[in-house]
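Take a look at the structure set out below.
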Amino acid sequence: MTTHTDTPTTVEYVPEQPARLEWAKHAPEVYRAMVRLETAARKGLDHTLYELVKIRASQINHCAFCIDMHTKDALAAGESVERIVQLSAWDESRHFYTAKEIAALELTEAVTVLTDGFVPDEVYDNAARHFEEAELAQVIAAITVINAWNRFGVTCRMAPGHYEPGQYK
């Protein structure tokens, strides 16, 4: 016979790795320029779509810091846990997203990965069907900016888990 005790179990997590470099501190003009670029890229875009694009690109780029930040911002803005959880497998979970969001996610993957060295015509054409040209330019800008942030995050090994929603707004 096996007995169970009610003694709480302590879980010991692996220690957090320190950041390699506080790049914003050492390159403040670049950081300020990135913030201005971020502000400009966000203009006119639906906040939900904007956060989905940022989370998905960050997942592809393995930027834990940005995944943490944009997931928290999306949740604070009212995005559902279910849609965020399904985002890494959006192609198999299309019914969670609008056709416009799917077009943006397809474009996000194509711009982020660039495996073939270009964005396929069918991906671009699908996005162009769902967005007016000015809005499409903003979506492309948002994808480009999050990819740049991701590169800073993964290169400098910025640690996730400390961000509070809206902290950098």
Side-chain angles (χ1 to χ4, degrees), residues 19-77 79 83-84 86-91 94 96-160 163 165-169:
R20 289 178 174 152
L21 176 71
E22 293 180 48
W23 76 270
K25 175 179 155 186
H26 298 289
E29 289 183 41
V30 175
Y31 177 77
R32 286 191 297 274
M34 286 293 297
V35 170
R36 287 191 305 274
L37 188 59
E38 173 79 28
T39 300
R42 172 179 30 224
K43 290 209 190 283
L45 288 182
D46 174 74
H47 185 70
T48 298
L49 182 124
Y50 178 76
E51 291 299 341
L52 291 175
V53 162
K54 292 176 89 63
I55 294 166
R56 184 63 193 129
S58 299
Q59 290 171 335
I60 294 166
N61 290 322
H62 304 280
C63 185
F65 181 85
C66 292
I67 292 169
D68 179 58
M69 175 190 297
H70 297 294
T71 299
K72 287 175 179 175
D73 282 346
L75 289 168
E79 182 57 83
R83 282 172 33 107
I84 292 172
Q86 291 300 318
L87 195 53
S88 65
W90 68 267
D91 200 28
R94 289 174 171 256
F96 287 95
Y97 308 99
T98 68
K100 189 173 186 176
E101 289 169 340
I102 288 172
L105 293 171
E106 288 172 342
L107 187 61
T108 299
E109 292 200 0
V111 171
T112 300
V113 178
L114 289 176
T115 304
D116 296 323
F118 58 89
V119 172
D121 289 339
E122 60 273 8
V123 171
Y124 184 87
D125 293 343
N126 187 40
R129 278 192 295 278
H130 290 282
F131 296 94
E132 297 293 328
E133 285 186 343
E135 189 179 21
L136 181 56
Q138 291 300 122
V139 171
I140 294 167
I143 296 166
T144 301
V145 173
I146 190 58
N147 273 279
W149 284 120
N150 289 165
R151 270 110 181 115
F152 284 115
V154 298
T155 302
C156 298
R157 196 185 317 157
M158 296 171 66
Y163 178 78
Q167 181 177 335
Y168 295 126
K169 292 188 179 188

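For the single chain, residues carry numbers from 1 onward in sequence order.
How far CD1 of I60 is from OG of S88: 10.5 Å, rounded to the nearest 0.5 Å. Note that the CG atom of N147 and the CG atom of N61 stand 5.0 Å from one another [nearest 0.5 Å]. Atom OG of S58 sits about 10.5 Å away from atom CZ of F65, to the nearest 0.5 Å. One finds the CE atom of M158 at 10.0 Å from the CG atom of L21 (value rounded to the nearest 0.5 Å). Distance check, rounded to the nearest 0.5 Å: CZ of R56 to CD1 of I143 gives 12.0 Å. Atom CD in E51 sits 8.5 Å away from atom CZ in R42 (nearest 0.5 Å).
Summarising the geometry of A57 relative to T112, their closest heavy-atom pair is CB-OG1, 3.8 Å, with the distance given to 0.1 Å. Here the shortest heavy-atom pairing between P160 and A64 reads CB-O, 3.4 Å. Closest heavy-atom contact between G166 and D73: N-OD1, 2.8 Å. When all heavy atoms of V53 and A104 are compared, the pair lying nearest together is CG2-CB, 4.0 Å. Nearest approach of I146 to H70, heavy atoms of both residues: CD1-NE2, 3.7 Å.
Counting heavy atoms from C-beta outward, P165 and M69 have side chains that stay 4.5 Å or more apart. Proximity of L52 to E79: side-chain heavy atoms (C-beta onward) are separated by under 4.5 Å at one or more points.
Using modelled atom types, one finds no donor on one side chain facing an acceptor on the other under 3.5 Å when comparing E101 with W90.
Here F96 pairs with nothing under the ring pair (Phe, Tyr, Trp, His ring centres under 6.0 Å) rule; sequence neighbours left out.
The backbone N or O of R83 lies less than 3.5 Å from a partner atom in the side chain of Y97, making a donor-acceptor pair.
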Pairs of donor and acceptor atoms involving the side chains of residues 124-142, under 3.5 Å and at least two apart or interchain, shall be tabulated with distances.
residue : atom : partner : partner atom : Å
N126    : OD1  : R129    : NH2          : 3.3
N126    : OD1  : H130    : NE2          : 3.4
N126    : ND2  : E106    : OE1          : 2.8
E135    : OE1  : K100    : NZ           : 3.1
E135    : OE2  : K100    : NZ           : 3.3
Q138    : NE2  : A40     : O            : 2.8
Q138    : NE2  : A41     : O            : 3.0
Q138    : NE2  : K43     : O            : 3.1

Exercise for the section: Show your working on side-chain contact (heavy atoms from CB on, under 4.5 Å) between T155 and W23 and close with a plain yes or no. Expected result: CA-CA 10 Å; T155 302; W23 76 270; over 6 Å; no

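Taking the six-membered ring for Trp and thresholds of 30 and 60 degrees, W149 and Y31 have ring planes more than 60 degrees apart, a perpendicular arrangement.
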